[in-house]
Amino acid sequence: MRVCFRSSVQPALIDEYRRRHAAVWPEMLRALKDAGWNNYSLFLGEDGLLIGYLECDDFDAARARMALAGVNTRWQAEMAKLFENTDQAPDEGFLILEEVFNLDSQLAAAEASAS
């Protein structure tokens, strides 16, 4: 499944957010991969809008596996002060966005109906 989410970094702390994500802890990278977070990317706007995208088999299960990783707890605590809502771990504040269009899916459907 494809998952897209949004969150919000404090605009005054965008440079710090970028700096930290330029060198994510290797243990955190491995934990994400081991938990099933594939093709994971983050996109950051100049206003602090953060968009995340990943592919996984089951997002709830992938999040649950990350919740068990000690490195994730440490990472979320470090990152929390950079986000708009500092009352929760950043990964608990993701607003999941509904996928309303996918080019490959629609092309496949169109080609199947043309056959």
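Hydrophobic clustering (ILVMFWY, side-chain heavy atoms < 4.5 Å, transitive): Leu49 and Leu97 are in one cluster. Linking Ile, Leu, Val, Met, Phe, Trp and Tyr residues whenever their side-chain heavy atoms come within less than 4.5 Å places Phe5 and Met1 in a single cluster.
Leu103 meets the side chain to side chain contact (heavy atoms under 4.5 Å, CB included) test with Phe101, Leu107; sequence neighbours excluded. Scanning for ring pair (Phe, Tyr, Trp, His ring centres under 6.0 Å) contacts around Phe43 gives an empty result, with sequence neighbours left out. In this structure, the side chain to side chain contact (heavy atoms under 4.5 Å, CB included) partners of Ser8, at least two apart in sequence or on a different chain, are Glu84. Partners of Phe59 according to the ring pair (Phe, Tyr, Trp, His ring centres under 6.0 Å) rule, which considers only residues two or more places apart in sequence or in another chain, are Trp37.
Atom CG of Leu32 sits about 11.0 Å away from atom CD of Glu27, to the nearest 0.5 Å. In this structure, the separation between CZ on Arg18 and CG on Leu13 is 12.0 Å, given to the nearest 0.5 Å. Atoms CE and CG, on Met79 and Asn72 in that order, are 11.5 Å from each other to the nearest 0.5 Å.
In this structure, Arg19 pairs ionically with Glu16, as a charged nitrogen and a carboxylate oxygen lie closer than 4.0 Å. Between Glu78 and Arg74, no side-chain nitrogen of the basic residue sits less than 4.0 Å from a carboxylate oxygen of the acidic one, so the salt-bridge criterion is not met.
Under the 3.5 Å distance criterion, the side-chain polar atoms of Asn38 are matched with a main-chain donor or acceptor of Gly36. At distances below 3.5 Å, not a single donor-acceptor pair connects side-chain atoms of Gln76 with backbone N or O atoms of Ala67.
In Arg63, the CZ atom is crowded: over 12 heavy atoms of neighbouring residues, nucleotides or ligands sit closer than 6.0 Å.
Here salt bridge (charged side-chain N to carboxylate O under 4.0 Å, His left out) pairs that include residues 89-115, with residues two or more places apart or in two chains, are Arg2-Glu99.
For the pair Ala31 and Met66, the tightest heavy-atom approach, listed with the atom from each and the gap, is O-SD, 3.4 Å.
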For residues 50-57, run the donor-acceptor check on the side chains, cut-off 3.5 Å, and write out each pair with its distance to 0.1 Å, sequence neighbours left out.
unit_1, atom_1, unit_2, atom_2, d
Tyr53, OH, Glu55, OE2, 2.6
Glu55, OE2, Asn39, ND2, 3.2

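Leu82 places none of its side-chain heavy atoms less than 4.5 Å from the side chain of Gln10.
Ring planes of His21 and Trp75: perpendicular class, angle over 60° (limits at 30 and 60°).
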